[in-house]
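The chains referred to below are lettered A, B, ... by the order of the sequence lines, with proteins before strands, and numbering in each begins at 1.
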Number of protein chains: 2
Amino acid sequence: MNRAEILVIDDEVQIRKLLQITLQSNDYAVKEAATAKEGTIMAANHPPDLIVLDLGLPDENGHEVLKKLREWYTNPVIILSVQNSEEDIIKALDNGANDYLVKPFRTGELLARIRSSLRSTNGEESIPVIKCRDLIIDLSARTVKKNSEFVKLTSTEYNLLSLLARNEGKVLTHHYLLREIWGPGFINQSQYLRVFTAQLRKKLENDPNRPEYIVTEAGVGYRFVARE
Amino acid sequence: MNRAEILVIDDEVQIRKLLQITLQSNDYAVKEAATAKEGTIMAANHPPDLIVLDLGLPDENGHEVLKKLREWYTNPVIILSVQNSEEDIIKALDNGANDYLVKPFRTGELLARIRSSLRSTNGEESIPVIKCRDLIIDLSARTVKKNSEFVKLTSTEYNLLSLLARNEGKVLTHHYLLREIWGPGFINQSQYLRVFTAQLRKKLENDPNRPEYIVTEAGVGYRFVARE
DNA sequence: CGGCTTCTATAAAGATTTTATAAAGACAGG
DNA sequence: CCTGTCTTTATAAAATCTTTATAGAAGCCG
């Protein structure tokens with residue numbers, strides 16, 4: 001089951017409609033933007049798992065948009081463009097694009113390239129299931145079990161837990177957590193983190209007053225601990 | 001700084017020569033194989049950082065070769081093929097290829113796609129860990145172990161230790177330490193340093209009265225010592 | 001040597017910042 | 001118009017940092 005979120009930034013309404021239908025029927029959650037400005041704002045407000053970016057946007061140069069995105073956005077970006085010149089392709093790829101498709105494109109190929117790109121970022125972990133003591137986090141199914149019972153988590157709670165668990169042992173700073181989950185415009189909202197970690201601890205920890213999984217690193221951030 | 005190793009598996013000698021020259025002049029180490037069999041053996045004997053694989057090999061179906069490679073090989077694979085059919089492209093990408101180029105290809109584009117593919121795996125290169133005697137400082141996880149046990153440090157304590165350890169052997173002046181950790185307005189607060197080094201010694205040194213790690217350089221500053 | 005000064009180590013009290021948590025308000029989707 | 005979720009506010013508790021106090025060590029000089 002996918003449910004990966006894809007942001008399509010393209011000014012042609014036909015393309016957006018086509019992608020909307022194609023992607024949705026392949027079980028992706030789709031968001032759309034018609035301009036560079038709108039797209040970057042949407043990406044910043046809620047970072048998607050992948051961005052499909054048209055280079056020929058009306059309000060800004062596509063290469064510049066890509067560069068600005070790449071200053072903080074780490075997930076895959078696939079470029080769509082009518083430009084078939086080698087120069088454009090190289091420029092885009094070197095600016096951080098993961099792939100480049102020339103319009104008109106074949107939807108099946110685009111889907112395959114999306115799968116490939118998503119695979120490479122998900123693949124890093126290579127552990128689709130994280131187990132530790134009485135917790136089981138299934139990253140592919142997006143489910144969490146405690147003592148063999150499913151725990152109901154909201155989307156944001158799960159995102160936070162998953163990010164922490166995938167970086168087990170590492171301290172993740174407030175700054176980093178906020179940027180990854182809420183987007184770069186939220187890096188000062190440390191209170192969000194406190195609220196959601198408290199929520200997670202209430203659901204996951206044996207004694208929420210003395211947390212064992214999600215450890216506070218005062219003044220810095222939080223850390224997920226798997227071992228005893 | 002490149003020196004990434006690339007294995008080219010292609011039966012056409014002209015392509016191999018072209019790639020050999022192109023890749024080598026871009027500072028990659030190149031190995032060649034003319035058949036599927038030869039290629040898989042070479043990859044197994046010494047896994048390269050990236051594989052360029054021709055789908056049209058004489059001795060075995062390219063898709064099968066890719067599938068078998070992917071059972072164990074996790075680095076990027078870029079497909080070269082004369083086949084431009086959507087079916088082939090989708091099949092290859094879903095079998096684990098990271099990219100697919102149709103022959104004849106543009107060498108500049110291939111190079112850019114190689115860079116893009118390598119970029120995504122290189123993500124975490126250097127793992128900065130400082131080890132000395134019974135101390136382990138993990139700079140990426142922001143954790144400190146003494147005798148394999150985690151030591152709980154406050155944010156400022158860690159910052160000070162990390163700064164000293166990263167400059168192992170050098171004397172860091174009061175002035176410098178204060179400016180780096182507290183900021184330029186604190187360069188006269190030498191007392192801060194005394195308080196925090198005392199704190200660190202209490203937590204890290206075997207005998208805090210005769211410190212071995214954090215050595216005082218009277219009138220000047222402090223020095224971190226790793227050796228016996 | 002002994003008095004003086006400067007620098008250092010350490011504990012502990014006080015001040016400040018950071019965190020945990022509940023709960024109320026806002027908002028979107030069905 | 002509910003319902004579940006996210007955002008915001010308020011406040012107590014905990015952790016950390018800053019400041020003060022005191023004592024020891026080291027160097028200098030008559």
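Residues passing the salt bridge (Lys or Arg N to Asp or Glu O under 4.0 Å) test with A/Asp54 are A/Lys103, sequence neighbours excluded. With sequence neighbours excluded, the residues forming a salt bridge (Lys or Arg N to Asp or Glu O under 4.0 Å) with A/Arg16 are A/Glu32, listed by chain and number. Annotation: salt bridge (Lys or Arg N to Asp or Glu O under 4.0 Å) contacts of A/Asp138 (sequence neighbours excluded): none. Under the salt bridge (Lys or Arg N to Asp or Glu O under 4.0 Å) criterion, A/Glu64 pairs with A/Lys67, not counting sequence neighbours.
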Side-chain donor-acceptor contacts of residues 105-114 of chain A below 3.5 Å, not counting sequence neighbours, with atom names and distances?
{"unit_1": "A/Arg106", "atom_1": "NE", "unit_2": "A/Glu109", "atom_2": "OE1", "d": "3.4"}
{"unit_1": "A/Arg106", "atom_1": "NH1", "unit_2": "B/Asn84", "atom_2": "O", "d": "2.9"}
{"unit_1": "A/Arg106", "atom_1": "NH2", "unit_2": "A/Glu109", "atom_2": "OE1", "d": "3.4"}
{"unit_1": "A/Arg106", "atom_1": "NH2", "unit_2": "B/Asn84", "atom_2": "O", "d": "3.0"}
{"unit_1": "A/Arg106", "atom_1": "NH2", "unit_2": "B/Asn84", "atom_2": "OD1", "d": "3.1"}
{"unit_1": "A/Glu109", "atom_1": "OE2", "unit_2": "A/Arg113", "atom_2": "NE", "d": "3.0"}
{"unit_1": "A/Glu109", "atom_1": "OE2", "unit_2": "A/Arg113", "atom_2": "NH2", "d": "3.3"}
{"unit_1": "A/Arg113", "atom_1": "NH1", "unit_2": "A/Asp99", "atom_2": "OD1", "d": "3.3"}
{"unit_1": "A/Arg113", "atom_1": "NH1", "unit_2": "A/Asp99", "atom_2": "OD2", "d": "2.9"}
{"unit_1": "A/Arg113", "atom_1": "NH1", "unit_2": "B/Asp99", "atom_2": "OD1", "d": "2.7"}
{"unit_1": "A/Arg113", "atom_1": "NH2", "unit_2": "B/Tyr100", "atom_2": "O", "d": "2.9"}

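Direction of the helix axis in the helix from C/dC1-D/dG30 to C/dG30-D/dC1 shifts by 30° between the two five-pair termini, rounded to 10°.
The environment of NZ in B/Lys68 is sparse: at most 12 heavy-atom neighbours from other residues, nucleotides or ligands sit within 6.0 Å.
For B/Asp88 and B/Ser85, the side-chain atoms include at least one donor-acceptor pair closer than 3.5 Å.
The stretch residues 187-208 of chain B participates, sequence neighbours left out, in these side-chain hydrogen bond (donor to acceptor under 3.5 Å, both in side chains) pairs: B/Lys146-B/Asn206, B/Glu157-B/Lys203, B/Gln191-B/Arg194, B/Arg201-B/Thr216. Screening residues 164-186 of chain B for side-chain hydrogen bond (donor to acceptor under 3.5 Å, both in side chains) gives B/Ser162-B/Arg166 as the qualifying pairs, with residues at least two apart or on separate chains. Every pair passing salt bridge (Lys or Arg N to Asp or Glu O under 4.0 Å) that includes a residue from residues 214-223 of chain B is listed here, sequence neighbours excluded: B/Glu217-B/Arg223.
Considering all non-hydrogen atoms of both residues, A/Ala44 and A/Pro184 come closest at O-CD, 3.4 Å. For the pair B/Leu153 and B/Val144, the tightest heavy-atom approach, listed with the atom from each and the gap, is CD1-CG2, 3.7 Å. Across all their heavy atoms, B/Tyr73 and B/Asp49 have their closest contact at OH-C, 3.5 Å.
The nucleotide range of DNA chain D contacted by chain B, defined by atoms under 4.0 angstrom from heavy atoms of the protein and reported 5' to 3', is D/dT16 to D/dA21.
Within the 4.0 Å cut-off from OP1 or OP2 of C/dC7, not a single side-chain nitrogen or oxygen of B/Thr216 is found.
Listed by residue number, the members of residues 191-201 of chain A with any heavy atom below 4.0 angstrom from DNA chain D are A/Gln191, A/Tyr192, A/Val195, A/Phe196. If you check residues 158-190 of chain B against DNA chain D, the residues with a heavy atom closer than 4.0 Å are B/Trp182, B/Gln189, listed by number.
Whole-Å rounding puts the A/Asn45 CG to C/dC27 P distance at 15 Å. Straight-line distance from the CZ atom of B/Arg223 to the C1' atom of C/dT8: 17 Å, rounded to whole Å.
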